[in-house]
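What follows is one structure encoded as structure tokens, with my remarks underneath.
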Amino acid sequence: MRPVAAKLTEIDNRTSVGHSLWLTPCSGWEEQPEPGQFVMVALPHPPAGFGREVCDAVPMSVAGWEPGRLRLTIKDLGPTSAALLACRPGDMLAVTGPLGHGFSLDARQPLLMGGGVGAPPLLFLAQQLAASGIDPVTLLGGTTVDEIFHREEFPGIVEIATDDGSAGHHGFVTELLDGRSPDLLYSCGPEPMLVKGLEWALANGIRAELCLERYMPCGVGLCGVCTIDRQLVCQDGPVLGSEQLEHSAEFGKVVREAGGVVRHAPA
Amino acid sequence: MRPVAAKLTEIDNRTSVGHSLWLTPCSGWEEQPEPGQFVMVALPHPPAGFGREVCDAVPMSVAGWEPGRLRLTIKDLGPTSAALLACRPGDMLAVTGPLGHGFSLDARQPLLMGGGVGAPPLLFLAQQLAASGIDPVTLLGGTTVDEIFHREEFPGIVEIATDDGSAGHHGFVTELLDGRSPDLLYSCGPEPMLVKGLEWALANGIRAELCLERYMPCGVGLCGVCTIDRQLVCQDGPVLGSEQLEHSAEFGKVVREAGGVVRHAPA
Amino acid sequence: MADMRVELAGLKLANPVLLASGILDSTPGILARMADSGAGALVTKSISLEPRPGYAGPTVAEVAPGTWLNAMGLPNPGLAEFLDEFDLQGGLVPVIPNLVADTPEDFGKLAAGVAGAGAKLAEINLSCPHPRAGWSGLLTAQDPAAAATATAAAAAHLPVIAKLSPDVADIGAIAVACAEAGAAAVSAINTMPALDIDTELERPVLGNAFGGLSGPALLPIGLRCVLKAVRALRDAGHAMPVIGIGGISSGDDAAKYILCGAQAVQVGTSLGGNPERLGEIAAELGGWMERKGYATLDAFRGNALEWLP
Amino acid sequence: MADMRVELAGLKLANPVLLASGILDSTPGILARMADSGAGALVTKSISLEPRPGYAGPTVAEVAPGTWLNAMGLPNPGLAEFLDEFDLQGGLVPVIPNLVADTPEDFGKLAAGVAGAGAKLAEINLSCPHPRAGWSGLLTAQDPAAAATATAAAAAHLPVIAKLSPDVADIGAIAVACAEAGAAAVSAINTMPALDIDTELERPVLGNAFGGLSGPALLPIGLRCVLKAVRALRDAGHAMPVIGIGGISSGDDAAKYILCGAQAVQVGTSLGGNPERLGEIAAELGGWMERKGYATLDAFRGNALEWLP
Ligand SMILES: Cc1cc2nc3c(=O)[nH]c(=O)nc-3n(C[C@H](O)[C@H](O)[C@H](O)COP(=O)(O)OP(=O)(O)OC[C@H]3O[C@@H](n4cnc5c(N)ncnc54)[C@H](O)[C@@H]3O)c2cc1C
Ligand SMILES: Cc1cc2nc3c(=O)[nH]c(=O)nc-3n(C[C@H](O)[C@H](O)[C@H](O)COP(=O)(O)OP(=O)(O)OC[C@H]3O[C@@H](n4cnc5c(N)ncnc54)[C@H](O)[C@@H]3O)c2cc1C
Ligand SMILES: Cc1cc2nc3c(=O)[nH]c(=O)nc-3n(C[C@H](O)[C@H](O)[C@H](O)COP(=O)(O)O)c2cc1C
Ligand SMILES: Cc1cc2nc3c(=O)[nH]c(=O)nc-3n(C[C@H](O)[C@H](O)[C@H](O)COP(=O)(O)O)c2cc1C
Ligand code: FES
Ligand code: FES
């Protein structure tokens, strides 16, 4: 596994807070990655108007794939993601991956719940499920309508929730869970949302697969900084099953930032 | 390719100037080597009565093979070969190989001519030919009867020549060539014998494959010391075809010793 | 079962296969997993007085199968938070904190800190392969006097293992200097400074440009360094143990270091993505000992030394 | 077609991909084959005043795919027989004799010998990785003053390339010392000193115990050394070229060295058993230049340097 130069060939799905990039790496990516797998995407040269301090590598979920190329959907969350969003077709990035373990594809009546840029890996999952003849139901949430990524692209039924009511249900996306009975809940998004999703799934006897985002300095299972309890999120995850998180002492409680500095999550 | 520890399990075919060793390497040798291929055999620890100066690696032809073990037939030619002959069952050697390119097996009416310890690779060849239903004719030569290795083991017809007349024809083994008409002459032994064999084959329009012995410091095509003309004897050979030697400026004329020091062969 | 117990600077370890610093040791959770996997002891990531966020990525790149370049930049939360999070006293498997600093004074403060928290042994990282301006990692390891001063400062507070770099003219001289400064052991080697270039991007592959080489390619370099350190210490009359590190990915590799005279070994890169491999390596070493008929590590330690020119 | 011509210390070469010393260069026959394969120039095996038979075997062992340890022991027939056998003047592809000696005086005698036989450029091997007692290879490469004296002694007779070892604390300082002593170029790196142990035999794998590591695993070490030498020379105001060596097995690898500022490169281990690979590597480099739109080597040489911390 090593960073491979990748050409930005296309930009689509713009919102005011982000968009999708299609990348064509110099080699690899002929085989289909698992939905839920991710890459470390690096910015080797700063785009116009940025300094070298934005050149870094950050984890991003695979949001789509065709033989030899892949899609990432990026939200402006800080210096590197902002600089990635400033890149133009023809610019070169570098990707390492696909990394980690993704979602299982063995649901019959799947429910997908995504928050913010949790949507991209779920889109890729939904496309795979649909391709195998299974119709997913998807719940997408965000603080505002522009935080809802890929709304038009999801196959099957899509329901929306926004914190500010700018689209769909006015409130948290987790409020749309009640009364449903899928055989499997797939979810990706902010950890507090995942915690609520897991609680709901456990309460209703439904299995869940949750895609976690943890601070990842290496992405390949060498450093251990991404650990949650005893699991390496970058290798054992990023998708972990309800049984792996049910008794966690850290899920939703302890997160780590650069250097492994602990931040206790707000309750 | 690296030296692999190998246990000496059996000694057979004794003559007063040498004998055969059966070696069982720790790994490898599950696949059949080509007759004519060789190993670098190293003596890691001096046998009783010898000093460390005998610990060296020298090239030896594969004289026989069974899955997981191989046979070498060694003549006492100097310090290392003498020490190898002093090893006892249970002792450990190290072998690197199989190395180089061996004899083709596509003769229908093969003639084999071996001189001294040129016999061992021809024995392995004769066994392979016989196994595929082809009856070889073999001519074996040596200065005296005890230099004739494997005489009883060759399948098919065997004729002998000794310089001192102690067995078979009294004279050089090349004197047994005349009047024969094989489709291919396979030969291994002292270079002057090979030169005569090649001359005879060319004169009679017969293809020849000759297994050369050149000083080999590495055996794996790295150093170039074993070169004859532009060919690496250890990699392009040790078996070279008549077409590769026909116009040689060095075959039978220039040989190199340790350090690549040139010794012009006696005419 | 072969008896694999070994003593290291007063610590009694169940086996000589330790977790190396910086690999799968950033949180108490992963350290517990490595302990359960069967480690003889656990060396933590390098801890500095103040937090270090680490370098910009890419931080790692595989340059040959299993062989990696890394420049993590010693990410760590700093001494205070480290002591808060990690238990250095309890635990069935000893935890050996690894310390990094730019001055002898800071090495002293770190050593005092971990000693105060109950550590019985610390490793000092004299040899970060890619220090930035003002960070003195590599330079300390290259200069016997600087290595000795740093060692003495830390050794005033608890027994220390001085961790050495292969990127020196004579590792034996550095090992002897550390012994004379009061080190309880030396460990060798840290990664080898190296560089890779992406020809498409025409720039270094890693964010920090330079990185450290680790994994199988490092094994023959590590074996040579350990053997040179063992011989130099012996020739200078020091009985101080050497811990072998670099490229170990099997019990056979571990045996190579011990045959070169190492007291124990540390394993890093080959555990990447595969934490349970640590215990397997220890088990393989035990299997090798049994097959060879060795009841203890002492029975074969240093056997290869008699074959040297 | 990209123009791959390059000048090296006055020699005009058709391309920058040279055969490295000691690999497939022991006889005029194999050297002619390497020339026809497409080498930019041919460096011979190391030649000493007196013949050297080489070390006892095993002399080579593969330690990872394509990566080898070797301790040939500089087998060579000595200067007189070398001059007898090899033509240093004619030939379409320049032949660069590589010289090895233990004293500056002997370096001077060797240089005078090859200059007298028509050589236009010689390489001096300051860096044999496994010298025996009385052979000063490695020590010369580790000491800037010794490297300078040897360089000056040879440079009195013809332009010389000083070949450096990676096993030094600061390769930049050695490169600058050689430049100041009158070297026409430096080449880096020679093999990395290393050791492998056979756990079954409980002894070193090689006859000489220590050997030199070469092949792919050496690439990131070589790139770092070349880049450090290039920067040190530039910072000291020397325009002297650096030749990159170590682990090159493709045109892409060659481009990496040139991106780090190398004037030319040498290829060794990856040609093992495959002499024609040399010309293929040169052709791959040409293909890379065309794809990138580079008309000359100067157009991209050193491009990676601006990305260094
Ligand atoms: C498995 C995984 C998948 C992800 N998928 C996506 C995706 O598809 N789309 C998307 O927009 N974002 C995704 N993220 C989040 C993305 O990595 C961060 O948005 C990005 O790292 C922000 O970096 P920055 O420099 O722009 O912001 P900063 O200001 O540096 O950080 C903003 C936030 O991002 C986090 N972050 C920074 N660096 C890292 C890092 N190396 N590893 C993890 N988190 C980091 C910080 O902790 C902080 O919470 C994913 C994260 C993970 C772990
Ligand atoms: C491809 C090949 C296959 C061979 N097969 C056999 C065989 O099956 N049985 C057998 O008894 N012998 C065989 N030999 C010859 C064998 O290698 C020598 O007998 C042995 O090397 C002698 O070493 P020594 O130290 O005992 O004698 P020395 O006194 O060192 O030398 C005696 C003779 O062996 C030659 N020799 C020494 N070292 C080497 C070396 N590294 N490479 C090549 N020649 C060397 C010397 O040039 C000299 O002519 C083979 C040689 C080659 C090249
Ligand atoms: C990702 C990574 C991080 C490392 N971090 C540290 C560190 O913080 N402190 C330290 O002393 N060594 C560190 N090292 C060096 C290792 O402890 C070890 O010395 C080296 O990797 C060689 O062993 P290996 O080949 O088994 O990995 C690190 C190595 C790697 C690969
Ligand atoms: C078998 C072998 C023999 C060598 N002999 C010499 C030598 O005689 N003189 C020398 O200066 N370098 C010698 N070297 C070193 C190479 O010239 C080169 O510096 C080194 O192998 C690194 O390049 P590579 O990875 O392309 O092989 C030798 C290397 C090998 C593998
Ligand atoms: S990010 Fe380094 S181990 Fe997961
Ligand atoms: S023996 Fe070294 S190349 Fe043939």
Side-chain angles (χ1 to χ4, degrees), chain B residues 1-7 25-27 40-45 52-59 79-80 91-96 99-101 214-236 248-250 254 256-263, chain D residues 19 22-37 44-45 47-48 50-64 68-70 72-78 81-82 84-85 196 198-207 214-215 268-269 271-275:
Chain B
M1 271 302 159
R2 54 185 277 119
V4 172
K7 183 175 270 173
C26 286
S27 63
M40 295 297 289
V41 57
L43 191 65
H45 306 126
R52 285 192 182 180
E53 65 286 354
V54 301
C55 294
D56 196 356
V58 290
T80 302
D91 286 354
M92 297 296 283
L93 302 175
V95 292
T96 307
L99 300 172
H101 290 94
R214 289 273 161 160
Y215 194 82
M216 294 184 177
C218 79
V220 297
L222 274 170
C223 69
V225 170
C226 65
T227 306
I228 183 165
D229 308 300
R230 290 169 159 234
Q231 290 159 109
L232 299 172
V233 174
C234 73
Q235 285 284 301
D236 301 318
S248 171
E250 300 192 342
V254 176
R256 289 184 171 76
E257 288 290 340
V261 174
V262 169
R263 180 162 56 74
Chain D
L19 175 65
I23 295 101
L24 299 179
D25 54 4
S26 294
T27 73
I30 191 71
L31 224 47
R33 180 162 168 194
M34 302 313 289
D36 289 352
S37 153
T44 73
K45 61 183 164 183
I47 303 301
S48 49
E50 299 304 321
R52 288 185 184 180
Y55 292 150
T59 56
V60 296
E62 199 172 19
V63 292
W68 290 76
L69 262 193
N70 91 83
M72 304 302 304
L74 300 175
N76 81 86
E81 183 171 322
F82 170 75
D84 242 36
E85 262 215 298
D196 198 8
D198 187 304
T199 55
E200 208 49 55
L201 304 171
E202 305 195 2
R203 54 152 285 159
V205 173
L206 297 189
S214 65
T269 303
L271 311 176
N274 190 7

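Computed from heavy atoms alone, side chains included, the values below leave out hydrogens, waters and symmetry copies. Letters A, B, ... are given to chains in the order of the sequence lines, protein chains preceding strands, and every chain is numbered from 1.
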Of the listed Ala258(B), Pro44(B), Ala42(B), Ala94(B), the one with the largest count of heavy-atom pairs under 4.5 Å with chain D is Pro44(B)
At a heavy-atom separation under 4.5 Å, does [X] approach chain D through its side chain, its backbone, both, or neither?
| X | value |
| --- | --- |
| Leu99(B) | neither |
| Met40(B) | neither |
| Val41(B) | neither |

Under the 3.5 angstrom rule, does the side chain of Asn76(D) hit a backbone N or O of Gly259(B) as a donor-acceptor pair? no
Taking all non-hydrogen atoms of both residues, which atom of [X] and which atom of [Y] are closest, and how far apart?
| X | Y | value |
| --- | --- | --- |
| Cys26(B) | Glu200(D) | SG-CG, 3.6 Å |
| Asp36(D) | Arg230(B) | OD2-NH2, 2.7 Å |
| Ala61(D) | Pro3(B) | CB-CD, 3.6 Å |

Side chain, backbone, both or neither: which part of Asp25(D) has a heavy atom under 4.5 Å from chain B? both
Pick whichever of [options] has the most heavy-atom pairs under 4.5 Å with chain B.
| options | answer |
| --- | --- |
| Pro58(D), Pro275(D), Pro204(D) | Pro58(D) |
| Ile23(D), Thr27(D), Val60(D) | Thr27(D) |
| Leu69(D), Leu31(D), Leu24(D), Thr59(D) | Leu24(D) |

Please list, chain by chain and in numerical order, all residues satisfying salt bridge (Lys or Arg N to Asp or Glu O under 4.0 Å) with Glu50(D), sequence neighbours excluded. none
Partner residues of Glu250(B) under the salt bridge (Lys or Arg N to Asp or Glu O under 4.0 Å) criterion, sequence neighbours left out: Arg256(B)
With a 4.5 Å cut-off on side-chain heavy atoms, are [Y] and [X] touching?
| X | Y | result |
| --- | --- | --- |
| Cys218(B) | Met72(D) | yes |
| Asn70(D) | Cys223(B) | no |
| Asp196(D) | Arg2(B) | yes |

Do other residues, nucleotides or ligands put more than 12 heavy atoms under 6.0 Å from His45(B) NE2? yes
